[in-house]
Amino acid sequence: MISRRSGSVAAIRLESPRQDDVMRLLAALDAYLESLYPPESNHILDIDTLCAPDIRFFVARRGGEAVGCGALRIDPTGYGEVKRMFVHPDARGQKLGRAILMRIEEQASREGLEWMRLETGIHQAAALALYRHAGYAERGPFGEYAPDPLSHFFEKSIDPGAKRRAARGR
């Protein structure tokens, strides 16, 4: 998927998180989250987990440089979870977060998932706006998450296979 805004182009592709520039991006995300929340309210997936078979990890690159990322975690009960969404501060305001989220949802649809879920923190106004604008509705904790006054939980119904049907002209 290619995202265009203000004349700049970002390619969003499945990639390994085990790349130096991507690990720097993830370290920046970790530092940001750790500045906002205590450890018990941070639900950070480590590099090994991001390389697991149930994870699809996406990197947004502009001019070859990693400027954003996001992951789809496929839960064994049949839903997808958005994880590790981040856009470098220098690349914000260009709708790149929305493009990454759309790519994650597209992959979830290809994988036959009907629901997307996510957890994000109360101090992340831009993330909350992004998810609400993308059609995510608030819900209670899911999976292994416990209620947390510093968390918001969201879900969205997606149509598995819709992209395939559209491509075939149905």
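Just so you know, residue 1 is the first one in the sequence shown, and it goes up from there.
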Q) When rounded to the nearest 0.5 angstrom, what distance separates CG in D21 from SG in C69? A) 10.5 Å
(Q) Between L29 and Y37, is there shared hydrophobic-cluster membership here, with clusters defined by ILVMFWY side-chain heavy atoms closer than 4.5 Å? (A) yes
Q. CD1/I100 to CG/L96 distance, rounded to the nearest 0.5 angstrom?
A. 4.5 Å
Q | Reported CD-to-CZ distance for the pair Q107 and R56, which is rounded to 0.5 angstrom | A | 6.5 Å
Q) Is the closest side-chain heavy-atom distance between F154 and V82 below 4.5 Å? A) no
Q) Can you list the steps and then say if Y131 with K156 is a side-chain contact (heavy atoms from CB on, under 4.5 Å)? A) CA-CA 9 Å; Y131 299 131; K156 176 181 179 179; over 6 Å; no
Q: Please assess L50 against R18 for the test side-chain contact (heavy atoms from CB on, under 4.5 Å), listing each intermediate value before the final yes or no.
A: CA-CA 9 Å; L50 290 174; R18 290 190 197 277; over 6 Å; no
(Q) Looking at L45, is its backbone amide N or carbonyl O close enough to the side chain of K83 to form a donor-acceptor pair, meaning the two atoms are under 3.5 Å apart? (A) no
Q | Beyond-backbone contact of R73 with L118, side-chain heavy atoms, under 4.5 angstrom | A | no
**Q.** Electrostatic pair E106:R103 at N-O distance under 4.0 angstrom
**A.** yes
(Q) Does the structure place the NZ or CZ of R117 under 6.0 Å from the centre of the six-membered ring of Y79, at an angle of no more than 45° from the ring's axis? (A) yes
Q. Passes side-chain contact (heavy atoms from CB on, under 4.5 Å), V22 versus R61? Steps please.
A. CA-CA 10 Å; V22 175; R61 292 186 180 276; 3.7 Å; yes
(Q) So, taking the atom named CD in E155 and the one named CD in E81, what distance separates them when rounded to the nearest 0.5 Å? (A) 12.0 Å
Q. So do the side chains of T120 and M85 get within less than 4.5 Å of each other, counting heavy atoms only?
A. no
Q | Flag side-chain contact, heavy atom, 4.5 Å: L150 against P38 | A | yes
Q) Hey, any chance F86 and Y136 share a hydrophobic cluster, counting ILVMFWY side chains that come within less than 4.5 Å of each other, even indirectly? A) no
Q: Answer yes or no: is there a side-chain heavy-atom contact under 4.5 Å between V67 and D90?
A: no
Q: Taking the side chain as every heavy atom from C-beta outward, state whether R132 and H152 have any atom pair closer than 4.5 Å.
A: yes
Q. Take atom CD in E144; do more than 12 heavy atoms of anything else shown fall under 6.0 Å from it?
A. no
Q) Is it true that R84 and D46 make a salt bridge, defined as a side-chain N closer than 4.0 Å to a carboxylate O? A) no
**Q.** CZ-CG distance between F57 and L14, expressed to the nearest 0.5 angstrom
**A.** 10.5 Å
